[in-house]
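Report on one structure; see the data block that follows.
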Amino acid sequence: MKNTYLIFTNSVDWTADYISSYLIKHKIGFFRFNIDMWDQYKINVTSQTASLSDLTGRVIDLYDESIFLLWRKPFTDLMILDGLQISEEDATFCRRQISEFLKYVVRLLLLKNQVRLIEPYADSRLPKLLQLHIAKENFKIPNYSFDNISPQFFMGKKIITKPLCDPSIGKKIFYTSSVDKDKLFRPFPWFLQEAILGGIDITCVYINGECFFYQCNFKRDNKSVDWRTEINKENQSKWSPFVHKEVDALSKGVRKFMKSVNLHYGRIDFILRRDNFYFLECNSNGEFGWLDGEEKTFLHDKFIAAFTSTSSTVTI
């Protein structure tokens, strides 16, 4: 029986759109589950069966051994509930119900080695503090502290703070920001890091053993330390392929790191300053579509080749 790819994503995911068109063109079977449109699907889990079906009548059997999951960006907080006459409290409960269903499918398919390339919920297994602890073996890292007191070893140093968790707080986003450690509200717990002022933002898209590096022309300074603040703005900074004499050595470090944390995919962020590459973090489901741009599909094609390969099967 031919493989069928189950894609957990959202209706606004351009990368999932391209993947879907590619699979259709090459007559590869798949079932796309847009979580934000969950009410347009039929979910059926009983003591005898587990299935999903869409508006076209297509049905996918979650017990089928030829099903392989690709985890994209299934954010349950984006679910469309406008057509349902329910309270926000009920909507929250509904989101939690759907989220538990997603966890069930993920664990079911992980147990049977039927997940490819991206490990769902890997961020809970690899929190940022653990990433930094492991990354010390392969990379330079800026001095950091997570505490509810005022750390002494930052004396005389410029520092930044950023969230260890999801940066979205309601409608606001908690970006990386320069701070004065003595003016922070205490005993509130803060993650602080020695600021790398200036330098170049570098990102590595790691796809099943291959490393692809890009640089941003964002101008870092004392006040502006997070390129994401420019996203969707008219003059946002451009990204381009990164060429450097140390790329091979850096790739070797990335491969060692990714092997040590057992990931087939991730986007690893660095800052390059004075020929030193400082590790910031690894996003285990990081976006990469904008790096290809509107015309190219190089990374997307690499991504598709990887998740359809048995060599990228996620194991636990």
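- Relative orientation of the Phe139 and Phe279 rings is parallel, given thresholds of 30° and 60° on the angle between their planes.
- The CG atom of Leu299 sits 10.0 Å away from atom CH2 of Trp290, with the distance rounded to the nearest 0.5 Å.
- Scanning all heavy atoms of the two residues, the minimum distance from Arg116 to Asn3 falls at NH2-ND2, 4.2 Å.
- Residues satisfying the side-chain hydrogen bond (donor to acceptor under 3.5 Å, both in side chains) test with Asn285, not counting sequence neighbours, are none.
- Under the 4.5 Å side-chain criterion, counting only non-hydrogen atoms from C-beta, Asn208 is in contact with Ser311.
- Taking the side-chain contact (heavy atoms from CB on, under 4.5 Å) definition, one finds that Glu246 meets it with His244, Ala249, Phe277, sequence neighbours left out.
- Applying the ring-ring contact (aromatic ring centres under 6.0 Å, His included) test to Phe212 and every residue at least two apart in sequence or in another chain returns Phe298.
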Asn34/Thr9 under side chain to side chain contact (heavy atoms under 4.5 Å, CB included): CA gap, chis, key distance, verdict: CA-CA 5 Å; Asn34 294 319; Thr9 184; 3.4 Å; yes

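- Put simply, Phe270 and Leu291 are part of two different groups of oily side chains (I, L, V, M, F, W, Y) that touch within less than 4.5 Å, one to the next.
- The backbone N or O of Trp227 lies less than 3.5 Å from no partner atom in the side chain of Arg220, so there is not a single donor-acceptor pair.
- Other residues, nucleotides and ligands place more than 12 heavy atoms under 6.0 Å from the OH atom of Tyr104.
- For Ile149, the side-chain contact (heavy atoms from CB on, under 4.5 Å) partners are Asp147, not counting sequence neighbours.
- Side-chain contact between Ile316 and Leu111 is present, with at least one heavy-atom pair separated by less than 4.5 Å.
- Under the 4.5 Å side-chain heavy-atom criterion for Ile, Leu, Val, Met, Phe, Trp and Tyr, Ile159 and Leu132 are members of distinct hydrophobic clusters.
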Checking Trp38 against Leu102 for the side chain to side chain contact (heavy atoms under 4.5 Å, CB included) test, could you report, in this order, the C-alpha distance in whole Å, the side-chain angles of both residues, the deciding distance, and whether it holds? CA-CA 11 Å; Trp38 64 271; Leu102 297 183; over 6 Å; no

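- The shortest distance between side-chain heavy atoms of Leu109 and Trp71 does not fall below 4.5 Å.
- Looking only at side-chain heavy atoms (C-beta outward), Ile19 and Tyr5 stay at 4.5 Å or farther from each other.
- Considering only heavy atoms from C-beta on, Thr92 comes within 4.5 Å of Glu88 through its side chain.
- Between the His264 side chain and the Val314 main chain, no donor and acceptor come within less than 3.5 Å of each other.
- Between Phe33 and Tyr41, the ring-plane angle classifies as perpendicular under the 30° and 60° cut-offs.
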Taking it one step at a time, do Arg228 and Thr176 satisfy side chain to side chain contact (heavy atoms under 4.5 Å, CB included)? CA-CA 9 Å; Arg228 296 173 301 172; Thr176 300; 3.8 Å; yes

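- Nearest heavy atom pair, residue Arg255 against residue Gly209, reads NE-O, 2.8 Å.
- The stretch residues 128-143 participates, sequence neighbours left out, in these side-chain hydrogen bond (donor to acceptor under 3.5 Å, both in side chains) pairs: Asn143-Glu194.
- No side-chain donor-acceptor contact under 3.5 Å links Thr297 to the backbone of His300.
- Closest heavy-atom contact between Ile200 and Cys216: CG2-O, 3.7 Å.
- Heavy-atom minimum distance, Pro142 versus Leu280: CG-CD2, 4.5 Å.
- The backbone N or O of Ala306 lies less than 3.5 Å from a partner atom in the side chain of Ser312, making a donor-acceptor pair.
- If you chain together ILVMFWY residues whose side-chain heavy atoms come under 4.5 Å of each other, Ile173 ends up grouped with Tyr175.
- By the 4.5 Å heavy-atom criterion applied to side chains, Tyr265 and Phe288 are counted as neighbours.
- In this structure, the side chain of Ser99 does not engage the main chain of Arg96 through any donor-acceptor pair within 3.5 Å.
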Carefully, step by step, assess Asn262 and Arg125 under the rule side chain to side chain contact (heavy atoms under 4.5 Å, CB included). CA-CA 11 Å; Asn262 193 30; Arg125 180 175 67 82; 4.3 Å; yes

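- Put simply, the side chain of Gln114 gets close to the backbone of Asp64: a donor and an acceptor are under 3.5 Å apart.
- Every side-chain contact (heavy atoms from CB on, under 4.5 Å) that Phe174 has, sequence neighbours left out, goes to Thr161, Pro163, Trp190.
- Remark: Leu117 CG to Thr308 OG1 distance equals 9.5 Å, nearest 0.5 Å.
- Residue Val225 belongs to a hydrophobic cluster whose other members are Ile160, with links defined by side-chain heavy atoms closer than 4.5 Å.
- Taking CG of Leu110 as the start and OH of Tyr121 as the end, the distance is 10.0 Å to the nearest 0.5 Å.
- Applying the 6.0 Å contact sphere to NZ of Lys42 captures no more than 12 heavy atoms from other residues, nucleotides or ligands.
- The backbone N or O of Asn10 sits nowhere less than 3.5 Å from a side-chain atom of Arg72 that would complete a donor-acceptor pair.
- Note that CG of Asp182 is 4.5 Å distant from OG of Ser150, once rounded to the nearest 0.5 Å.
- Here side-chain hydrogen bond (donor to acceptor under 3.5 Å, both in side chains) pairs that include residues 45-56, with residues two or more places apart or in two chains, are Asp54-Thr56.
- With sequence neighbours left out, Ser240 forms a side-chain contact (heavy atoms from CB on, under 4.5 Å) with Gln215.
- Taking the salt bridge (Lys or Arg N to Asp or Glu O under 4.0 Å) definition, one finds that Arg32 meets it with Asp17, sequence neighbours left out.
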Apply salt bridge (Lys or Arg N to Asp or Glu O under 4.0 Å) to the pair Lys73 and Asp13, showing each step before the final yes or no. CA-CA 8 Å; Lys73 292 286 184 181; Asp13 183 3; over 6 Å; no

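- The closest side-chain heavy-atom distance from Cys282 to Leu263 is below 4.5 Å.
- Between His26 and Tyr22, the ring planes are parallel. Angles under 30° get that label, and only those over 60° would be called perpendicular.
- With rounding to the nearest 0.5 angstrom, the OG atom of Ser145 is 5.5 Å from the CZ atom of Phe154.
- Side-chain contact between Phe307 and Ile118 is absent, with no heavy atoms from C-beta onward closer than 4.5 Å.
- Among all heavy-atom pairs drawn from Phe101 and Val45, the shortest one is CE1-CG2, 3.8 Å.
- With sequence neighbours excluded, the residues forming a side-chain hydrogen bond (donor to acceptor under 3.5 Å, both in side chains) with Arg267 are Thr203, Asp269, listed by chain and number.
- Note that CD1 of Ile196 is 6.0 Å distant from CD1 of Ile271, once rounded to the nearest 0.5 Å.
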Test side chain to side chain donor-acceptor pair (under 3.5 Å) on Asp36 and Ser11; report intermediate values, then the result. CA-CA 7 Å; Asp36 59 327; Ser11 61; 2.5 Å; yes

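- Nearest heavy atom pair, residue Asp61 against residue Ile67, reads O-CG1, 3.5 Å.
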